[in-house]
Amino acid sequence: MRYSEIATQKASQPKEKIRILGIETSCDDTSAAIVENGTNTLSLVTSSQILLHREFGGVVPEIASRNHTKNIGEVVNGALEQANLTKNDIDAIAVTACPGLLGALLAGVSFAKGLAYALSVPIIAVNHIAGHIAANYITHSELRPPFVCLVASGGHSHIILVRDYMNFEVLGGTCDDAAGEALDKIARELGLPYPGGVYLERLAAEGNENAFGFKSQFNMSESRNFSFSGIKTAAANILHSKADVNKADIAASFQRAVVDTLVFKTILCAQSVSSKQIAIAGGVSANKTLRNKLKIACEKLGMQFFCPDLKYCTDNAAMIASAGYYMLQQDMYNDLSFDARATGDLSRLMDLV
Ligand code: KG4
Ligand code: ZN
């Protein structure tokens, strides 16, 4: 029998426990995880390349792909070992296929294809953003669509209506910089290490968030969209023009401007579709001020608030395995001919199948 026939047969076999190996290499983390039935993480191993990229102040694509290729075998073996399983216990492989750095994605996709072929198991091409959203199911197994999810990371800031596990509608989003991108830029201006979001959060804890008003009429308007480039330039200009400025005050005030915008627009989007459930995802969702402010806003409005455990906020393979599980439930698995893509539109997820 050919690979595709065996994989199709395996995908349609009813099983009590479905164990999916997730592989994530879209940026600078090489990550593998095994997740059972979409919500139970049996293992998660991530090899971070941050120190390799730090001296360049950002991710260098060529270095990222080379190191993914070097590390992926060991990371996958580590995930199997941590779960106390062998390759033959894997029911399917889910791999990030878009969006991300093309060379980095290709390293994971090529490895996943080879392994899926060798094991004759179905392969599932996962959209990275759908993965971030699925991180919420791992932490809150009781969460069911529909809900509104803010996905805020280094490359994306979107507010998404999750109609069903794999049915999404983008309600709003940034017109320019992603939230993480803006935070990283100001962190860099403040002399903080890359990636700056978490360091800016620490510095902000020592500052006064009302010291500077980084105001934007657009961000407080009824539009579902928002913009960070204007306030980013305003903060950078102050840092360039005033030598004795209190850096902690800048960090706190800038963080406040970003967080308040995200909270306001997420609530606005949820109200526009009468949703009573709000979730957050992506690296920026690790920010405690964002988590607290959105939680308080939801409580005031009688909405339920969900956020992933910190380890599932930034890039990780468990979220990819979880998304893969819900895709497999809907027969959204692939043959081996799909390609990695640098761009990826959530409403075109099925294009990969
Ligand atoms: O989701 P992610 O790991 O990678 C992308 O898909 O982009 O997100 C990385 C982004 C970076 O911009 C990083 O600075 C930001 O998430 N980030 C944070 C925090 N932790 C990570 N931003 C604010 N506060 C944090 N605690
Ligand atoms: Zn991400």
Side-chain angles (χ1 to χ4, degrees), residues 22-31 33 44 46-50 53-54 57-59 61 64 68 95-101 104-105 108 126-136 149-158 160 173-174 177-190 192-205 207 209 228 232 251-252 254-263 279-294 307-323 342-344 346:
I23 294 177
E24 155 65 38
T25 64
S26 67
C27 193
D28 59 343
D29 289 311
T30 316
S31 185
L44 172 58
T46 302
S47 162
S48 167
Q49 300 178 14
I50 281 180
H53 298 279
R54 185 161 284 168
V59 177
H68 286 314
V95 61
T96 308
C98 71
L101 301 170
L105 288 164
V126 177
N127 182 304
H128 184 76
I129 307 299
H132 272 304
I133 295 169
N136 280 285
C149 188
L150 164 70
V151 184
S153 69
H156 308 272
S157 286
H158 291 113
I160 293 163
T174 181
D177 293 4
E181 187 183 352
L183 290 166
D184 290 351
K185 178 75 200 295
I186 295 306
R188 193 174 169 174
E189 298 282 352
L190 288 163
L192 300 170
Y194 172 85
V198 69
Y199 298 98
L200 185 137
E201 178 180 29
R202 277 181 214 158
L203 183 61
E209 65 166 25
F228 292 129
K232 182 187 75 180
F254 188 70
Q255 176 178 265
R256 179 195 169 169
V258 171
V259 166
D260 285 358
T261 301
L262 294 175
V263 170
I280 55 175
V284 179
S285 70
N287 185 278
K288 290 184 196 64
T289 307
L290 173 63
R291 291 163 89 96
N292 289 338
K293 285 195 175 181
L294 200 47
C307 57
D309 280 348
L310 288 182
K311 68 176 168 186
Y312 301 124
C313 288
T314 45
D315 290 350
N316 69 89
M319 68 186 199
I320 302 302
S322 174
T343 55
L346 274 172

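Order of listing sets the numbers, starting from 1, for every ligand and every atom in it. The figures that follow rest on heavy atoms only: side chains count, while hydrogens, waters and symmetry mates do not. Here the structure is a predicted model, which means the values were calculated and not measured.
- The ligand atoms of ligand 1 that sit less than 4.0 angstrom from a heavy atom of His128 are 6 (O).
- In summary, the side chains of Glu24 and Ser26 do present a donor paired with an acceptor at a separation below 3.5 Å, with no hydrogens or angles considered.
- Between the Zn ion (ligand 2) and the N, O or S atoms of Asp315, the shortest distance is to OD1.
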Run the numbers on Glu181 and Lys185 for salt bridge (Lys or Arg N to Asp or Glu O under 4.0 Å), then give the verdict.
CA-CA 6 Å; Glu181 187 183 352; Lys185 178 75 200 295; over 6 Å; no
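- The Zn ion (ligand 2) does not have Cys27 among its coordinating residues (no N/O/S atom, backbone or side chain, under 2.8 Å).
- Checking Leu200, Leu183, Asp184, Val259 against atom 14 (O) of ligand 1, the nearest heavy atom belongs to Asp184.
- Between the Zn ion (ligand 2) and His128 there is an N/O/S contact shorter than 2.8 Å.
- No side-chain heavy atom of Ile186 sits under 4.5 Å from any side-chain heavy atom of Phe228.
- Where the criterion is an N or O separation shorter than 3.5 Å, residue side chain and backbone included, Gly197 meets it with respect to ligand 1.
- The distance criterion of under 3.5 Å between nitrogen or oxygen atoms is met by Gly154 with respect to ligand 1.
- For a threshold of 3.5 Å applied to N or O pairs, the pair formed by Glu181 and ligand 1 contains no separation below that value.
- Counting heavy-atom neighbours within 6.0 Å of Arg291 CZ, excluding the residue itself, gives a total above 12.
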